[in-house]
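Working notes for the structure below.
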Amino acid sequence: MKISVNWLKNYVDIDGISLKELADGLTLAGLEVEGIESSERVSGVVTAKVLEKEKHPNADKLSLCTVTDGKETVKVVCGAPNVAAGQIVAFASLGARLPGITIKAAKIRGVESCGMLCSERELGLTDEHSGILVLPEGTDLGLDINDVLGLGDAVFELNVTPNRPDLLSAVGVAREAGAVFSRKVNAPSLTLAESPEEAASYAFVKVEEPDKCPVYTGRIIKGIKIGPSPLWMQNRLKASGIRAINNVVDVTNYVLMEYGQPLHAFDMKRVKNGITVRSAVEGEKIVTLDGKERTLDGGMLVIADDEKALAVAGVMGGEFSGVAGDTDTVFLECAYFAPDTVRRTSKKLGLSSDSSYRYERGIDRGAVEALSDYSAALMARICGGEVLKGRVGGVFKKYETGPVISSVSGINALLGTDIKASEMADILNGLGIVTSIEGDRLVSAAPSFRVDIERPADIAEEVGRIYGYDRIETTVPPVRADAGRLPAELRLSRGVRARMEALGFNEAVNFSFMGGDYLSMFDGDERFVKILNPISADMAWMRTYVFPGILKNLKTNWNQGETDIRLFEISASYVSRGADKLAEERPKFALGVMGSFMSASWIKSGDQDVYFYLKGVLDNIFSFMRIKAEYKRLEDRPFLHPGKSAEISCNGRVLGFIGALHPDFAEKLDMKAPAYLAEIDFALACEISEGNPFSYAKFSRFPSVERDLAVVVPSGAEVGPMLEAVREISTLISDIRLFDVYSGKGVEEGCKSAAFRITFSDLSKTLSEEDINPQIERILEMLAERFGAKLR
Amino acid sequence: MQLDLTQASGFAGEIAASSTLSELNEVKVKYLGKKGLISLLNKQLPSLAPEERPAAGEKIQGLRNGFEALFQERLEKIGREAREKAILSEYIDISMPGFPFVNGSLHPVNRVYDEIVDIFTIAGYEVKSGPEVEDDYHNFEALNIPKTHPARDMQDTFYIHGDIVLRTHTSPVQIRTMESQKPPIKIISPGKVYRCDYDVTHSPMFHQVEGIVVDKGVTFGDMKGALRLFISRMFGDDLDVRLRPSFFPFTEPSAEVDMGCVQCRGKGCRMCKGTGWLEIGGCGMVDPEVFRFVGTDPDVYSGFAFGMGIERIALLKYGIDDIRLFYENSLKFLKQF
């Protein structure tokens with residue numbers, strides 16, 4: 001909310017307090033001043049009319065204007081393209097002082113110029129300098145521009161928290177400043193003169209829903225004359241960002257900004273009989289002031305006459321009953337509508353206004369009747385006319401609040417302070433919260449504008465913030481000896497991430513949501529968590545796997561010219577258990593590589609498939625997590641290359657997959673090089689890891705014996721199971737490694753040779769040929785039987 | 001008869017002139033081979049008078065010893081020179097790059113996340129997590145944000161269903177923790193949160209860390225202490241902390257947490273708009289209403305809670321100017337961390 005500081009000065013004495021001190025003081029009391037815009041006063045600038053515009057005799061782009069301020073008429077050279085005869089402008093006469101310039105008589109291109117027509121920038125208003133400032137038609141001539149434009153003011157931009165609707169007004173801010181700086185506050189008042197004619201003879205008020213509208217008052221002002229409101233009022237509204245419309249509307253907006261009380265003016269001739277505050281009929285229609293037709297429901301409240309709805313209560317008036325140029329009698333509504341009703345209506349209609357904003361936060365319920373009188377008096381003063389005798393309507397449901405009882409020791413215990421009872425009471429009374437001390441008890445009555453003061457904690461906050469949070473001593477909460485342990489998943493993920501970093505991978509973090517079309521390429525099951533109001537279609541569904549994000553990153557980076565891309569991410573995946581239920585969330589560890597990792601180096605590696613690189617990375621991680629992973633050929637994942645993909649499991653529990661992106665998918669996704677992916681169920685991996693604590697195994701101190709064995713098997717035979725089978729054949733085998741795979745010359749067509757290095761050892765002795773030879777025999781027999789292997 | 005030793009004594013020059021092992025061996029054959037000049041002298045011994053033989057034998061042995069000594073010396077020298085030459089020929093360019101064990105990187109948000117977890121676990125906080133697809137009750141209701149409350153406007157919410165949302169903060173974790181655990185409670189809950197907002201300073205997904213401490217006698221001053229500890233560990237001991245009164249539905253009293261500007265260290269600069277302060281999060285004493293929802297007696301227990309955006313901390317710590325960089329996952333960005 002924006003508010004003019006000059007306006008505030010009318011209600012609170014802030015003499016001797018600088019703008020910065022005022023802003024800081026309010027900010028540190030909880031009313032954050034987010035910005036300050038200020039303008040300087042100018043001298044010698046008045047409103048004037050351009051009588052005539054001629055072309056400058058010596059310059060194409062300049063014009064020679066005849067200008068009058070009502071008293072004197074002079075000629076001025078002007079370079080603005082928008083200047084035209086008939087305009088009312090800001091005229092700086094000779095000797096005028098503007099920010100950075102003093103106006104002197106000058107010859108411009110040989111023609112004498114007696115002053116200057118000003119742009120907004122020259123007046124120090126804004127940066128606008130494309131033309132001169134043109135004032136509204138009908139503006140009087142010879143007025144001091146400071147008054148016309150409200151120069152020499154500062155405007156505070158305030159961040160008002162939702163609990164403090166009382167600060168959404170000039171008077172409210174003035175009261176707060178008064179409390180913060182211990183200064184006197186004077187709220188504006190007017191004496192109301194009523195005409196003898198009874199308002200009740202014109203209109204009545206009936207409230208059908210007193211819970212939703214506990215207070216409704218109307219004043220009738222007769223014989224008004226629609227026209228512009230005075231400049232001072234327009235300037236105050238303008239400072240708050242409200243456009244001047246006409247005197248009646250401006251008065252309603254003015255009271256809104258001054259006291260935070262929304263008003264609505266109905267044109268009396270549009271109101272058939274009395275005013276009824278009732279629930280809308282389901283499907284009832286009204287065209288609101290913004291020209292849009294709204295369809296209402298039964299939960300909404302309307303202001304209606306006998307025939308139809310005239311306004312959506314607390315939100316916006318109807319176009320039909322609004323004030324027009326010919327309005328001469330006004331029904332001025334001043335009411336209190338229940339916050340939740342207004343909020344619900346505003347949300348449902350998608351229609352928010354300065355009124356609804358205040359009503360839904362809660363206005364000053366106790367001030368409605370007094371403000372009804374005040375605003376009627378103000379309207380009569382500004383718009384002419386007379387206020388008819390008496391208010392129609394009134395309080396339809398009484399509202400009572402008891403005192404808030406808090407304890408001095410309780411407040412001190414909560415804040416960690418030692419503030420005396422008397423100091424607390426002074427603070428509270430300064431805020432208008434009438435407080436008395438009864439021993440350790442504080443008995444407080446909050447004023448009706450402070451809708452946020454209901455409980456002892458609220459009292460503690462008031463005491464704390466005015467006392468000053470900076471004055472509260474800093475202490476340290478006790479440390480609990482049994483805390484501070486990391487959950488297993490977090491601990492393990494840190495270890496894994498550190499390894500991935502050391503292995504040359506870069507950690508990515510992707511949005512949890514992606515496009516539905518994209519995600520369903522990888523997961524055909526209808527198990528997505530879908531966002532009802534996504535930012536865009538490509539951020540609409542929650543991912544069920546983490547790798548699709550990594551895959552996108554691979555592509556983007558490749559297209560940016562990267563040729564060695566290694567990414568990983570450990571993040572949650574989300575599987576729906578039904579739209580109205582919480583999802584199943586599991587962390588997944590996704591890896592993706594694209595490009596080559598050694599070729600960019602002068603150190604060459606072999607030309608093995610990248611699959612083995614990625615598998616090696618996974619094996620490193622599994623080793624760290626003490627997981628014995630098994631890889632099984634996987635042919636049923638449509639997005640993976642059937643010849644280069646595997647399912648990963650541990651003791652029959654599926655951990656995830658590894659493999660190359662299927663060439664069809666690569667083409668569909670426009671991937672310019674093969675991409676390899678893996679994804680591991682990280683929650684399961686952690687569970688397995690935690691269930692398999694590390695323990696020490698005895699090792700042999702006798703020399704071990706190594707034997708190399710090369711066998712020939714059919715090309716299609718998988719070597720992995722052979723390694724496993726050999727390892728399991730004897731407890732003497734402590735290690736087995738595949739050190740060569742070869743096919744070609746010397747090996748039968750359709751076959752390949754696999755060479756193993758087997759290490760034998762025994763805990764109690766040095767193994768002899770007699771110990772080892774029978775094992776070799778058994779190995780060869782087994783390999784022949786199970787894998788059709790022949791010794792090479 | 002006399003032995004002629006002249007020829008057999010000429011080896012010194014030849015040994016010295018040998019520059020390779022084979023040359024040296026040739027010299028050895030010439031003098032000590034079967035038909036070598038020194039060996040031949042031995043064969044002349046029988047022809048000498050018996051009384052002359054011992055003296056002649058001694059002379060021959062002298063020659064032989066002299067040869068061996070010079071030979072050994074030369075042999076070692078040649079060997080040493082050959083090894084030195086070989087070593088010289090094995091010189092490699094030690095300036096060439098090593099094996100490409102390229103270091104990867106950890107995501108800046110996760111780096112800060114880890115740092116936050118470390119700071120708080122050392123101070124005795126437990127780390128708790130909770131669902132990101134959350135119900136309205138835990139995300140709003142139990143945090144004292146009823147459906148009709150304007151405070152709902154403070155957070156633009158992604159909805160999955162009428163009562164299921166993407167959590168807008170990690171505060172539901174404090175509710176879930178207090179539901180299942182009696183005080184004392186001292187936890188932080190870092191994690192992903194979601195809000196319907198996307199520009200240079202807002203990301204629809206971001207990370208928050210929330211902390212809550214509940215026990216008998218926990219004070220506002222304790223909260224200041226906890227925040228000061230965090231900010232000094234994260235950004236440096238010289239930065240001050242300022243609490244500015246504010247409003248959150250789930251705390252009362254509530255405050256915004258400001259810290260001294262990381263750039264000007266509190267003096268005032270463009271980054272902090274001349275104020276010397278940067279907003280880093282929110283905090284407050286747990287609202288009695290929240291205690292009521294989780295069945296904790298506010299007359300017995302008190303507590304404080306605080307929340308901060310992890311991206312915000314990372315932006316300040318690393319001087320990053322666009323929050324969207326965190327989620328583009330461009331290697332040019334990631335590799336810097």
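Just so we're on the same page: letters track the sequence lines, and every chain starts at 1. Keep in mind that what you see is a predicted model, and the values were worked out from it rather than measured.
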*asked:* Between I472(A) and K224(B), is the side-chain contact (heavy atoms from CB on, under 4.5 Å) condition met? List the steps.
replied: CA-CA 8 Å; I472(A) 297 176; K224(B) 284 179 77 174; 4.2 Å; yes
*asked:* K581(A) vs D135(B), test: salt bridge (Lys or Arg N to Asp or Glu O under 4.0 Å). Steps then yes/no.
replied: CA-CA 8 Å; K581(A) 294 187 178 67; D135(B) 55 40; over 6 Å; no
*Can you list the steps and then say if E501(A) with R111(B) is a salt bridge (Lys or Arg N to Asp or Glu O under 4.0 Å)?*
CA-CA 12 Å; E501(A) 181 186 22; R111(B) 274 195 182 281; 3.0 Å; yes
*Which is it for D118(B) and R494(A) under the side-chain contact (heavy atoms from CB on, under 4.5 Å) test, yes or no, and what are the steps along the way?*
CA-CA 12 Å; D118(B) 287 344; R494(A) 278 196 173 191; 2.8 Å; yes
*Can you list the steps and then say if K147(B) with D340(A) is a salt bridge (Lys or Arg N to Asp or Glu O under 4.0 Å)?*
CA-CA 9 Å; K147(B) 275 215 164 72; D340(A) 49 354; over 6 Å; no
*asked:* Working note: M285(B) + L415(A), criterion side-chain contact (heavy atoms from CB on, under 4.5 Å); need CA distance, chi angles, decisive distance, verdict.
replied: CA-CA 9 Å; M285(B) 302 306 290; L415(A) 298 178; 5.7 Å; no
*Go through the steps to decide whether F505(A) and V102(B) satisfy the test side-chain contact (heavy atoms from CB on, under 4.5 Å), and finish with yes or no.*
CA-CA 8 Å; F505(A) 278 70; V102(B) 181; over 6 Å; no
*Given Y194(B) and S512(A), is the side chain to side chain donor-acceptor pair (under 3.5 Å) satisfied, shown in steps?*
CA-CA 9 Å; Y194(B) 304 87; S512(A) 310; 2.5 Å; yes
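Residue D580(A) holds its CG atom at 4.5 Å from NE2 of H161(B), rounded to the nearest 0.5 Å. Y469(A) contributes atom OH, which lies 7.0 Å from atom CE of M223(B) (distance to the nearest 0.5 angstrom). In this structure, R465(A) CZ and S254(B) OG are separated by 11.5 Å, a value rounded to the nearest 0.5 Å. Summarising the geometry, atom CG belonging to L334(B) is positioned 13.5 Å from atom CZ belonging to R566(A); distances are rounded to the nearest 0.5 Å. In this structure, OG1 in T474(A) is found 9.5 Å from CZ in F220(B), a value given to the nearest 0.5 Å.
With a 4.5 angstrom heavy-atom cutoff, V109(B) does not touch chain A via any of its atoms. Only the side chain of S203(B) comes within less than 4.5 Å of a heavy atom in chain A; its backbone stays farther off.
Contact of the V509(A) side chain with the H207(B) side chain is registered, since non-hydrogen atoms from C-beta on lie closer than 4.5 Å. Taking 4.5 Å as the limit, some side-chain heavy atom of N329(B) sits within range of a side-chain heavy atom of N510(A). Residues T556(A) and E328(B) have side chains not in contact (no heavy-atom distance under 4.5 Å, counting atoms from C-beta outward). For the pair L414(A) and P253(B), the minimum side-chain heavy-atom distance is below 4.5 Å.
Without hydrogens or angle criteria, N506(A) side chain to G104(B) main chain gives no donor-acceptor distance under 3.5 Å. For N103(B) (side chain) and G504(A) (main-chain N/O), no donor-acceptor pair under 3.5 Å exists by modelled atom type. For the pair E562(A) (side chain) and L331(B) (backbone), a donor-acceptor distance under 3.5 Å is absent.
Taking L166(B), D299(B), V241(B) one by one and counting their heavy-atom pairs under 4.5 Å with chain A, the maximum is reached by L166(B). The choice from K128(B), R228(B), M96(B) that makes the most heavy-atom pairs within less than 4.5 Å of chain A is M96(B). Interface summary for chain A: among P245(B), P108(B), G162(B), S129(B), the most heavy-atom pairs under 4.5 angstrom belong to P245(B). Chain B forms more heavy-atom pairs under 4.5 Å with one residue of A460(A), A572(A), G416(A) than with any other, namely G416(A). Per-residue counts of heavy-atom pairs under 4.5 Å with chain A were compared for S330(B), C196(B), G98(B); the largest is that of S330(B). Here P204(B) is the residue among P298(B), S246(B), P204(B), S302(B) with the most heavy-atom pairs under 4.5 Å with chain A. Note on L582(A), T417(A), N553(A), T161(A): by heavy-atom pairs under 4.5 Å with chain B, the leading option is L582(A). Note on I188(B), N110(B), D163(B), V127(B): by heavy-atom pairs under 4.5 Å with chain A, the leading option is N110(B).
The pair D470(A)-R242(B) does not count as a salt bridge, with every side-chain nitrogen at least 4.0 angstrom from each carboxylate oxygen.
Considering Y327(B), F158(B), F326(B) as possible partners of F511(A), the one that fulfils the ring pair (Phe, Tyr, Trp, His ring centres under 6.0 Å) test is Y327(B).
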